[in-house]
*Asks:* 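Quick one: this structure, given as structure tokens, is what I'll be asking you about.
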Amino acid sequence: MSSTAGQVIKCKAAVSWEAGKPLVIEEVEVAPPQAGEVRLKILYTSLCHTDVYFWEAKGQTPLFPRIFGHEAGGIVESVGEGVTHLKPGDHALPVFTGECGDCPHCKSEESNMCDLLRINTDRGVMIHDSQTRFSIKGQPIYHFVGTSTFSEYTVVHAGCVAKVNPAAPLDKICVLSCGICTGLGATINVAKPKPGSSVAIFGLGAVGLAAAEGARISGASRIIGVDLVSSRFEEAKKFGVNEFVNPKDHDKPVQEVIAAMTNGGVDRAVECTGSIQAMISAFECVHDGWGVAVLVGVPNKDDAFKTHPVNFLNERTLKGTFYGNYKPRTDLPSVVEKYMNGELELEKFITHTVPFSEINKAFDYMLKGESIRCIIRMGE
């Protein structure tokens, strides 16, 4: 056991005290892990758009003060009672969703939507006792999606921690905790394009670029990027995108443009925007008979998907996915190995790096649209 096991640890964390205001580096107290929990020393974390969305708190119930962050890599400091798959010193990735191993979803080969540990953005406490593990002078500080990686130490449910190859560089593989796996898996695990096939990617942000990377790894020959910002195409070429369509450049629906380009439609389409119109276009641009469209983006709660039923009768398939259909504990180690053997390229997703003391710069880069992923070096 580590020398700090069972003790409260004082460390630095970036605390969000109110919506949209810069994070403040504070000394926090991090309680020991309870039964079924793990305390991690976070070495690297990265900023995802989901952190920014909930920090702005424009569309959901605000919960502050809070420690954000959910893409990270670290080392197990100590484990709570009953935790057997992890031990102090293990290299690990915390994940916003989990794998309890016991529920019907975890026992199914087809699902990764664990009943116990599925993402919950409203919960700011631990499942075990409905308490926080963070505090400042006795004041509880809320958790975010069970991870809260903008802290030098954090406590996470053990089912949300994937043990990974200790030789893998944590400053690179930390980006696999959320967005990259979401896009990559949407293509590789759900769309499943065949070598030589055509794939349309709607939205060329971080998740869309990861979906394109999945199409590249799968051997797709035509990877068509669809985005309203034409300047994104140049960057997307690094991820295998070799054709580009901006819907604003055409006077007919983009699905008709793509159908004309591809002799009736693409073999696969992956939608990574959350725009309901993009979702409809992604489905309607796949070829009849065998085309498959996969929805990744999260729509507004009042959106409705409308298409003619004949599109289904003509043997087009529409699917959705959550976290790329990866089970965190079971599947993440093999994704890390894809990186280690050179099959998956992660460096090109990382556009910026900042020390922890300058974490607010990472928010600035993302808000200006300048970063894909910004790595934050903890302890600096």
Side-chain angles (χ1 to χ4, degrees), residues 46 48-51 53-54 59-60 69-72 93-123 127 144-147 149 156-157 159-162 175-193 199 201-203 205-215 218 268-276 278-280 282-283 292-301 303-305 317-336 338 344:
S46 61
C48 168
H49 192 267
T50 305
D51 295 306
Y53 179 75
F54 283 91
Q60 357 54 34
H70 64 283
E71 287 189 351
L93 302 181
V95 185
F96 64 90
T97 187
E99 187 180 348
C100 73
D102 295 323
C103 72
H105 285 277
C106 286
K107 289 178 176 176
S108 164
E109 291 182 6
E110 298 178 46
S111 176
N112 66 340
M113 300 188 71
C114 175
D115 281 330
L116 179 68
L117 301 173
R118 186 180 306 192
I119 184 172
N120 184 327
T121 56
D122 293 330
R123 187 193 298 127
I127 290 174
F144 177 63
V145 296
T147 51
T149 60
V156 183
H157 192 289
C160 299
V161 180
V175 299
L176 294 173
S177 285
C178 178
I180 308 310
C181 275
T182 296
L184 184 76
T187 305
I188 292 176
N189 297 335
V190 187
K192 299 179 180 175
V199 182
I201 308 290
F202 285 74
V207 175
L209 293 174
E213 177 77 354
S218 299
R268 302 289 186 265
V270 184
E271 182 284 323
C272 305
T273 70
S275 153
I276 193 68
M279 293 179 181
I280 295 166
F283 176 57
V292 178
V294 178
L295 306 185
V296 181
V298 180
N300 292 324
K301 66 179 188 299
D303 283 340
F305 187 96
T317 300
L318 179 65
K319 293 184 172 186
T321 180
F322 170 70
Y323 192 52
N325 205 229
Y326 287 117
K327 291 178 184 279
R329 282 169 49 188
T330 301
D331 297 332
L332 259 186
S334 63
V335 182
V336 169
K338 275 186 194 294
L344 167 64

*Asks:* Got Asn300 and Ile276 here, is their nearest side-chain heavy-atom distance under 4.5 Å?
*Replies:*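 When only atoms from C-beta onward are counted, Ile276 and Asn300 do not touch, as no gap falls below 4.5 Å.
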
*Asks:* In residues 178-193, what donor-acceptor pairs under 3.5 Å come from side-chain atoms, sequence neighbours left out?
*Replies:*
{"residue": "Thr182", "atom": "OG1", "partner": "Cys178", "partner atom": "O", "Å": "3.0"}
{"residue": "Thr187", "atom": "OG1", "partner": "Ala211", "partner atom": "O", "Å": "2.9"}
{"residue": "Asn189", "atom": "ND2", "partner": "Gly324", "partner atom": "O", "Å": "2.8"}

*Asks:* Side chains of Leu117 and Ile127: closer than 4.5 Å at any heavy-atom pair?
*Replies:*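 A side-chain contact exists here, since the closest heavy-atom pair is under 4.5 Å.
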
*Asks:* Begin from the C-alpha positions of Val294 and Arg268 and carry the test side-chain contact (heavy atoms from CB on, under 4.5 Å) through to its verdict.
*Replies:* CA-CA 8 Å; Val294 178; Arg268 302 289 186 265; over 6 Å; no

*Asks:* To check you understand the geometry: which heavy-atom pair defines the closest contact between Ala282 and Ala293, and what is its length?
*Replies:*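 Reported closest heavy-atom pair: O-CB, 3.7 Å.
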
*Asks:* What distance separates Lys327 NZ from Glu99 CD, expressed to the nearest 0.5 Å?
*Replies:* 5.5 Å

*Asks:* Would you give the length of the straight line joining atom CD1 of Ile201 to atom OG1 of Thr273, rounded to the nearest 0.5 angstrom?
*Replies:* 12.0 Å

*Asks:* Looking only at heavy atoms, what is the nearest atom pair of Ser111 and His105, with distance?
*Replies:* OG-ND1, 2.6 Å

*Asks:* Step by step, would you call Thr147 with His70 a side-chain hydrogen bond (donor to acceptor under 3.5 Å, both in side chains)?
*Replies:* CA-CA 5 Å; Thr147 51; His70 64 283; 5.4 Å; no

*Asks:* Is the backbone of Met113 close enough, under 3.5 Å, to the side chain of Arg118 for a donor and an acceptor to pair up by distance?
*Replies:*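 Yes, the answer is positive, given that a donor and an acceptor are paired below the 3.5 Å cut-off.
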
*Asks:* I want to check something: taking the side chain as every heavy atom from C-beta on, are Met279 and Asp303 in contact at a cut-off of under 4.5 Å?
*Replies:* no

*Asks:* Side-chain contact, heavy-atom cut-off 4.5 Å: Thr121 with Val145?
*Replies:*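 Counting from C-beta outward, Thr121 and Val145 do come under 4.5 Å.
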
*Asks:* Would you confirm whether Glu271, through its side chain, and Gly297, through its main-chain N or O, come within 3.5 Å as a donor-acceptor pair?
*Replies:* yes

*Asks:* Verify side-chain contact (heavy atoms from CB on, under 4.5 Å) between Asn112 and Phe322, making sure each step is shown before the conclusion.
*Replies:* CA-CA 8 Å; Asn112 66 340; Phe322 170 70; 3.8 Å; yes

*Asks:* What pairs with Tyr323 under ring-ring contact (aromatic ring centres under 6.0 Å, His included), at least two apart in sequence or on another chain?
*Replies:* Phe96

*Asks:* So, using salt bridge (Lys or Arg N to Asp or Glu O under 4.0 Å) as the criterion, who are the partners of Arg123 when residues are at least two apart?
*Replies:*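 So Arg123 forms no salt bridge (Lys or Arg N to Asp or Glu O under 4.0 Å) with any residue.
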
*Asks:* Please identify which of these residues, Val175, Leu176, Thr149, meets the side chain to side chain contact (heavy atoms under 4.5 Å, CB included) condition with Ser46.
*Replies:*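 Testing each of Val175, Leu176, Thr149 against Ser46, the sole residue satisfying side chain to side chain contact (heavy atoms under 4.5 Å, CB included) is Val175.
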
